[in-house]
Participant: 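Got a structure for you, written out below as structure tokens; questions coming shortly.
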Amino acid sequence: MEESPKGIDVPRVTSWFREQVPAAAPPLRFDLIAGGHSNLTYRVTDAAGGEYVLRRPPLHHVLPTAHDMGREHKIIAGLASTAVPVPPALGFCAAPEVNGAPFYVMTFVHGHVLHDRTIAEGALEEAARRHAGEHFIDVLADLHAVDPDAVGLGDLGRKEGYVSRQLKRWYSQWQQSKTRELPAVDRVHDALQKQIPEQARATVVHGDYRLGNCITSERGRIMAVLDWEICTLGDPLADVGYVLATWSHSSDEHPVNPLVPSMVPGFPTRAELLERYAARSGADVSRIDFYVAFSYWKSACIIEGVYARYLGGARGDDARAEIHEFPKQVERFAALAEDAVARFA
């Protein structure tokens with residue numbers, strides 16, 4: 001008999017499937033395809049070859065305000081009627097007695113998740129890479145065109161003051177977790193705090209929009225946007241700044257990250273992405289350097305927090321080999337943020 005995967009009560013979850021997903025044909029097979037400290041994702045295959053995806057919180061270290069399965073399900077269900085491609089939501093289970101924690105199920109979407117340049121190079125021809133980059137930014141503009149109230153997402157979060165709240169949140173984390181003084185982080189925070197652009201509108205903000213969180217077809221079409229864990233309402237240009245900050249290109253002399261998929265020849269440049277987004281959305285992107293600086297600065301704060309937890313033994317011995325890289329990454333992102341600040345200060 002095949003061993004049940006951790007995090008799945010096979011008999012009870014199968015019973016739930018019978019009631020909520022009648023198209024599924026038991027017995028069901030559950031294979032973990034993404035895990036760790038984030039939400040757990042399982043590929044579910046039924047006896048007839050049907051394929052589904054089940055998402056649940058991690059087994060340990062669950063934060064009270066994180067890993068909200070009902071919220072994730074609500075987001076993809078709300079976006080189903082829009083131009084934003086999301087996996088079809090099939091059901092949500094709030095009762096912890098079924099599987100020990102809430103979970104939701106969606107349809108499995110076929111395609112490639114472009115986690116890195118090696119996958120991108122093998123999955124897409126060069127012409128398809130350009131199309132993938134263009135459709136990727138088009139989908140972001142389409143997300144920002146969605147009226148949150150019209151699709152039942154108007155209560156995801158506060159609509160005003162997004163950047164100000166983010167600066168406060170991450171600077172507080174920096175102060176609590178910093179392992180040394182790094183004046184660049186303080187300087188950038190102060191510069192950003194003084195020059196926050198007026199938020200023109202409030203939209204659905206993904207928060208981690210990148211090719212690695214999308215399913216892409218071989219022709220370069222975005223088939224589904226995934227991982228809505230930190231999605232909220234706020235300033236759409238924060239998403240755009242994040243895209244530009246994480247989009248290294250093959251033409252870069254000193255790429256921020258040489259391993260990202262956009263490093264493979266064929267993908268559009270950052271300037272092309274920004275021009276296309278502005279044309280499709282009608283947004284004023286004249287102050288985009290602010291949002292790029294904010295993204296770099298936020299990355300420095302996040303990585304420092306991870307580093308502090310590693311030093312505290314949160315990951316045990318398995319993290320020892322990578323610990324020494326974290327201070328360098330924090331310092332580099334802080335320097336990149338200062339460079340971006342210099343372009344608008």
Side-chain angles (χ1 to χ4, degrees), residues 34-41 53 55-58 61-79 82 84-87 89 92 101-104 106 113 115 136 139-140 142-144 146 148 151-174 176-177 192 199 202-215 222 224-247 260 291-292 294-306 309 314 333:
H37 294 275
S38 186
N39 293 328
L40 305 180
T41 305
V53 171
R55 292 260 289 172
R56 61 148 294 160
H61 309 295
V62 179
L63 300 176
T65 57
H67 316 294
D68 189 335
M69 295 295 96
R71 193 172 186 273
E72 277 192 42
H73 177 266
K74 176 180 178 177
I75 291 167
I76 63 170
L79 293 174
T82 73
V84 181
V86 290
F92 168 64
F103 65 89
Y104 71 92
M106 52 190 172
V113 179
H115 287 299
F136 170 79
V139 168
L140 185 62
D142 290 344
L143 173 65
H144 295 159
V146 172
V151 296
L153 300 178
D155 59 351
L156 275 184
R158 289 173 55 190
K159 295 179 179 178
E160 70 285 345
Y162 175 79
V163 172
S164 178
R165 296 197 312 274
Q166 287 278 299
L167 282 170
K168 181 179 179 179
R169 172 188 174 185
W170 292 109
Y171 197 49
S172 174
Q173 174 166 309
W174 169 263
Q176 294 171 24
S177 64
L192 293 174
Q199 183 175 311
T203 71
V204 178
V205 175
H206 185 279
D208 191 17
Y209 190 69
R210 52 191 172 86
L211 286 170
N213 278 336
C214 297
I215 297 175
I222 305 301
V225 181
L226 310 174
D227 291 349
W228 297 89
E229 289 183 56
I230 59 174
C231 171
T232 188
L233 301 182
D235 191 332
L237 291 180
D239 268 345
V240 182
Y242 178 78
V243 166
L244 299 181
T246 56
W247 191 273
V260 294
Y291 297 92
V292 172
F294 168 69
S295 184
Y296 285 138
W297 175 86
K298 180 177 173 181
S299 294
C301 295
I302 291 172
I303 296 170
E304 183 74 2
V306 174
R309 290 194 294 275
F333 277 116

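Keep in mind that this is a model prediction, so the values were computed, not measured. Residue indices begin at 1 and follow the sequence shown.
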Participant: Check whether any side-chain N or O of N213 sits under 3.5 Å from a backbone N or O of D208 as a donor-acceptor pair, and report yes or no.
Facilitator: yes

Participant: Within the distance-only criterion (no hydrogens, no angle test), does the side chain of Q199 pair as donor or acceptor with the backbone N or O of V163 below 3.5 angstrom?
Facilitator: no

Participant: Quick one: pull up OG1 in T203 and CG in L140 and give me the separation to the nearest 0.5 Å.
Facilitator: 8.5 Å

Participant: Give a yes-or-no answer on whether the side chains of N39 and E72 include a donor-acceptor pair shorter than 3.5 Å.
Facilitator: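 There is such a pair between these side chains.
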
Participant: Do C301 and F333 touch side chain to side chain, with heavy atoms closer than 4.5 Å?
Facilitator: no

Participant: Please confirm whether the backbone N or O of F136 pairs with a side-chain atom of Y209, one donor and one acceptor, at under 3.5 Å?
Facilitator: yes

Participant: Tell me the closest heavy-atom pair linking S295 and G241, and the distance in Å.
Facilitator: CB-O, 4.0 Å

Participant: Could you pull out the closest heavy-atom pair between V151 and G78, with the gap in Å?
Facilitator: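 Answer, listing the atom of V151 first, then G78: CB-O, 3.4 Å.
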
Participant: With sequence neighbours left out, write down each residue that passes ring pair (Phe, Tyr, Trp, His ring centres under 6.0 Å) with Y162, or none if nothing qualifies.
Facilitator: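 Scan of Y162 (ring pair (Phe, Tyr, Trp, His ring centres under 6.0 Å), adjacent residues dropped) gives none.
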
Participant: Between W228 and I76, is there a side-chain heavy-atom distance shorter than 4.5 Å?
Facilitator: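 In contact.
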
Participant: Kindly compute the distance separating CD1 (I230) from CG (D68), expressed to the nearest 0.5 Å.
Facilitator: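 That separation rounds to 14.0 Å.
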
Participant: Nearest 0.5 angstrom please: I302 CD1 to W174 CH2, how far?
Facilitator: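 Here the interatomic distance stands at 12.5 Å.
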
Participant: I want to check something: taking the side chain as every heavy atom from C-beta on, are L244 and Y291 in contact at a cut-off of under 4.5 Å?
Facilitator: no

Participant: Please give me the minimum heavy-atom distance between H115 and G212, naming the atom from each residue.
Facilitator: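 Minimum heavy-atom separation between H115 and G212: CE1-O, 3.6 Å.
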
Participant: Please report the shortest heavy-atom distance between A101 and R56, naming the atom on each side.
Facilitator: CB-NH2, 3.6 Å

Participant: Could you tell me if the side chain of V205 sits less than 4.5 Å from the side chain of D235, heavy atoms only?
Facilitator: no

Participant: Can you find a heavy atom in the side chain of V260 that is under 4.5 Å from one in the side chain of L211?
Facilitator: no

Participant: Please report the interatomic distance CD(Q173) to NZ(K168), rounded to the nearest 0.5 Å.
Facilitator: 15.0 Å

Participant: Could you measure the distance from the CG atom of D227 to the CZ atom of R210? Nearest 0.5 Å is fine.
Facilitator: 7.0 Å

Participant: Might you point out which heavy atoms bring G207 and D239 nearest each other, and give the distance in Å?
Facilitator: N-OD1, 3.0 Å

Participant: Under the side-chain contact (heavy atoms from CB on, under 4.5 Å) rule, what do R158 and T232 come out as? Steps first, then yes or no, please.
Facilitator: CA-CA 8 Å; R158 289 173 55 190; T232 188; over 6 Å; no

Participant: Strictly distance-based, threshold 3.5 Å: is any side-chain N or O of R55 a donor or acceptor partner for the main-chain N or O of H73?
Facilitator: no

Participant: Which residues pass the side chain to side chain donor-acceptor pair (under 3.5 Å) test with S164, sequence neighbours left out?
Facilitator: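 S164: no side chain to side chain donor-acceptor pair (under 3.5 Å) contacts found.
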
Participant: Considering the options V204, V225, T82, which one meets the side-chain contact (heavy atoms from CB on, under 4.5 Å) requirement together with L143?
Facilitator: V204

Participant: Do the side chains of V139 and H206 get nearer than 4.5 Å, heavy atoms only?
Facilitator: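 No - every pair of side-chain heavy atoms lies 4.5 Å or more apart.
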
Participant: Heavy atoms only: give me the nearest L40-P58 pair and the separation to one decimal.
Facilitator: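 Closest approach of L40 to P58, heavy atoms only: CG-CA, 3.9 Å.
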
